[in-house]
K.L.:
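One structure follows; several queries about it will come next.
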Amino acid sequence: TEARILRARGELAASREALREALARHPEDDGLWMLHLEWLEQEGLAEEILSAVAEAPAALAKNPALHAYAADAWHRLD
């Protein structure tokens with residue numbers, strides 16, 4: 001995907017934006033959400049992780065990985 005190509009080139013902000021655009025087109029794709037959260041975690045963007053988790057669709061609310069990313073983000077902010 002475009003987001004992965006941008007990321008491979010080192011264009012981190014652009015890759016995150018492309019991935020957010022993909023999420024807007026496919027809001028309940030848990031694979032895209034997990035990739036988005038993984039990239040945010042790799043970059044140490046704890047506040048963005050918490051924002052993303054808060055914006056996640058209800059269909060993903062029971063995904064334990066979503067809550068694990070949020071817990072790790074809270075821990076980093078402490």
Side-chain angles (χ1 to χ4, degrees):
T1 65
E2 179 186 355
R4 289 179 192 267
I5 292 168
L6 291 167
R7 190 135 187 110
R9 291 182 185 159
E11 298 177 41
L12 303 181
S15 70
R16 289 192 314 271
E17 180 59 32
L19 191 53
R20 281 191 290 270
E21 290 172 5
L23 281 169
R25 290 189 304 273
H26 309 283
E28 295 189 3
D29 185 322
D30 62 344
L32 288 177
W33 277 100
M34 293 304 104
L35 183 59
H36 181 53
L37 292 168
E38 178 184 335
W39 287 1
L40 294 174
E41 184 178 57
Q42 288 172 355
E43 295 178 53
L45 300 172
E47 290 181 7
E48 288 192 38
I49 289 171
L50 295 174
S51 294
V53 168
E55 296 169 5
L60 296 178
K62 293 186 178 183
N63 184 326
L66 195 73
H67 302 288
Y69 277 107
D72 287 345
W74 278 113
H75 181 70
R76 287 183 187 177
L77 291 175
D78 272 345

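Quick caveat: nothing in here was measured; it's all calculated off a predicted structure. Counting from 1, the numbers follow the sequence of the chain as shown.
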K.L.:
Identify every side-chain donor-acceptor pair in residues 47-54 under 3.5 Å, counting partners at least two apart or on other chains, and give the distances.
P.N.:
unit_1 : atom_1 : unit_2 : atom_2 : d
Ser51  : OG     : Glu47  : O      : 3.3

K.L.:
Side-chain donor-acceptor pairs under 3.5 Å in residues 67-78, sequence neighbours left out?
P.N.:
unit_1 : atom_1 : unit_2 : atom_2 : d
His67  : NE2    : Ala61  : O      : 2.6
Arg76  : NH1    : Glu41  : O      : 3.3

K.L.:
Quick test of your reading: applying salt bridge (charged side-chain N to carboxylate O under 4.0 Å, His left out), list the pairs with at least one residue in residues 58-68, sequence neighbours left out, ordered by first then second residue.
P.N.:
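The answer is none; no pair qualifies.
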K.L.:
Listing request: all side chain to side chain donor-acceptor pair (under 3.5 Å) pairs with a residue in residues 24-37, at least two apart in sequence or in separate chains.
P.N.:
none
K.L.:
Under 3.5 Å, which donor-acceptor pairs link side chains of residues 5-23 to any protein atom two or more places apart or in another chain?
P.N.:
unit_1 : atom_1 : unit_2 : atom_2 : d
Arg7   : NH1    : Ser15  : OG     : 3.3
Arg7   : NH1    : Glu43  : OE2    : 2.8
Arg7   : NH2    : Gln42  : OE1    : 3.3
Arg7   : NH2    : Glu43  : OE2    : 3.1
Ser15  : OG     : Glu11  : O      : 3.4
Ser15  : OG     : Leu12  : O      : 2.7
Arg16  : NH1    : Glu43  : OE1    : 2.3
Arg16  : NH1    : Glu43  : OE2    : 3.1
Glu17  : OE1    : Arg20  : NH2    : 3.2

